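See structure below.
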2 protein chains.
Amino acid sequence: MELGHIDVTASEPTSAPDVAISGGHKRSSCEAVNSVLARVGDKWSVLIVMTLAHGPQRFNELKRQVGTISQRMLTLTLRGLERDGLVKRTVFPTIPPRVDYELTDLGHSLRQPIEALGNWAFDNYASIASARDTFDKTARK
Amino acid sequence: MELGHIDVTASEPTSAPDVAISGGHKRSSCEAVNSVLARVGDKWSVLIVMTLAHGPQRFNELKRQVGTISQRMLTLTLRGLERDGLVKRTVFPTIPPRVDYELTDLGHSLRQPIEALGNWAFDNYASIASARDTFDKTARK
DNA sequence: CAGTATCCTCCCAGATACTG
DNA sequence: CAGTATCTGGGAGGATACTG
C-alpha cells in the first residue's frame with residue numbers, strides 16, 4: 001500500500017529557505033509551516049475539514065457531500081488528517097460496518113485560520129478573476 | 001510554452017461540492033475558495049509572497065532567498081501570482097536587465113490570513129508531529 | 001458499508017542548455 | 001541578469017475490481 005510514507009517533507013535540511021513568516025523565527029518554523037501548508041494546500045483536505053465542521057460523518061456520507069472525490073482519495077485524505085491528529089476515526093463493529101469521522105479539537109482549531117482564508121478568497125475573488133482576465137488579454141501576444 | 005493555461009480550474013460545473021465554508025454561501029463561492037486555495041497550497045506561492053512582504057526583490061535575489069527553487073518554478077510561480085494580481089512586475093530596461101517583483105495591495109492583504117495560518121502551524125506543529133509519531137507507531141502493523 | 005489492491009495516465013517540476 | 005525551450009521521471013490521483 002502507499003500509506004506510511006505520506007511524506008510531507010519536501011525540504012531537505014541543507015540550505016532551507018529562511019524567510020520569516022511573521023516576525024523573527026526562521027529556519028525550523030518554516031519546515032513546520034510548509035508541512036502544514038502542504039496539508040491545507042491539498043486539494044481535498046480543506047474540503048473534508050469544512051464538511052466535518054458541523055459534526056461527525058460517515059464515509060459514504062462524506063463522499064456524497066464532496067461529490068467529485070474518488071474513494072481512494074477520500075481514504076487517503078482521511079488517513080492523512082487522522083495521522084496529523086485533525087480527524088478522529090471511530091469504528092462501530094456492526095453489520096454492515098459503520099465508521100464515523102469527526103474533527104478533533106485540533107481539527108476544529110484549524111477552522112479559524114482556514115475560514116479566514118476562505119473569507120479572503122470570497123471577498124477578493126472578483127479582483128482576482130478580473131486580474132486574470134486582464135492578464136490573459138494583455139500578456140497573450 | 002506552458003503559460004496561458006495555468007488552469008487552476010479543477011472543478012467542472014457539473015456536480016460541484018456544495019459544502020458551506022462559513023455560513024450560508026454555497027456553490028459558486030466554493031470554486032472561488034478552491035481556486036485561491038490552489039494558489040496558497042502551491043508549494044512556492046506562499047514562500048514567495050512572504051519573501052516579498054518586506055519590499056521589492058529582483059529575480060535572482062528571490063531565487064537566492066528561497067534557495068531550493070528552480071528558475072523554472074520561480075518564473076512560473078511569479079507569473080501565476082502576477083496573473084492573479086498579487087504581484088507586480090516592473091522591468092527596468094537597463095543593461096543588464098533588472099526586474100523587480102513586489103506585492104500589490106491585494107498581495108499584501110493576503111498576508112493577513114496567510115500569517116494566521118502560519119501562526120497556527122507554528123503553534124500546533126508540536127501536536128501534529130507527536131500525533132504523527134503515535135499514528136505511525138500504532139497503525140503500522 | 002467501508003474500505004483495499006492494482007493498473008494506468010497525465011501533469012508537475014527538476015535538470016539542463018540556450019538567448020537578448 | 002532574467003528569463004525561455006526542451007526532455008524526462010516520478011508521483012498524484014482517477015477508474016475499476018474485489019473483500020470483510
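Bear in mind that the values here come from a model prediction, so they are computed numbers and not experimental data. So you know, we letter chains A, B, ... as the sequences are listed, proteins then strands, and number each from 1.
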Worksheet item: Mapping A:Q71 and A:D42 onto DNA chain D by nearest heavy atom, which one lands closer to the 5' end?
Response: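 Of the two residues, A:D42 wins.
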Without decimals, in angstroms, what is the distance between [X] [atom1] and [N] [atom2]?
X	N	atom1	atom2	result
B:R64	D:dG3	CZ	P	14 Å
B:R72	C:dC11	CZ	P	13 Å
B:I48	C:dA13	CD1	C1'	14 Å
A:R98	C:dC1	CZ	C1'	11 Å
B:R89	D:dT4	CZ	P	7 Å
B:K63	D:dC1	NZ	P	12 Å
B:I95	D:dA2	CD1	P	14 Å

Worksheet entry | Spatial distance of atom CG (B:L52) from atom CZ (B:R111) [nearest 0.5 Å] |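 Between atom CG of B:L52 and atom CZ of B:R111 there are 10.0 Å.
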Discussion item. Check whether B:D42 reaches the backbone of B:A38 with its side chain - one donor and one acceptor, N or O, closer than 3.5 Å.
Written reply: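 No, because the side chain of B:D42 does not come within donor-acceptor range (under 3.5 Å) of the backbone of B:A38.
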Item to complete: Considering just the side-chain nitrogens and oxygens of A:K43, establish if one lies under 4.0 Å of OP1 or OP2 belonging to C:dC11.
Response: no
Discussion item. Can you identify which nucleotide, out of C:dC1, C:dT4, D:dG3, has its nearest atom closest to the B:F59 side chain?
Written reply: D:dG3
Discussion item. Counting the atoms with a prime plus P, OP1 and OP2 as sugar-phosphate, which does A:F92 contact under 4.0 Å by heavy atoms, base, sugar-phosphate, or nothing?
Written reply: nothing
Discussion item. Using C1' atoms of five pairs at each end, report the bend of the helix from C:dC1-D:dG20 to C:dG20-D:dC1 rounded to 10 degrees.
Written reply: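 Roughly 50°, once rounded to the nearest ten degrees.
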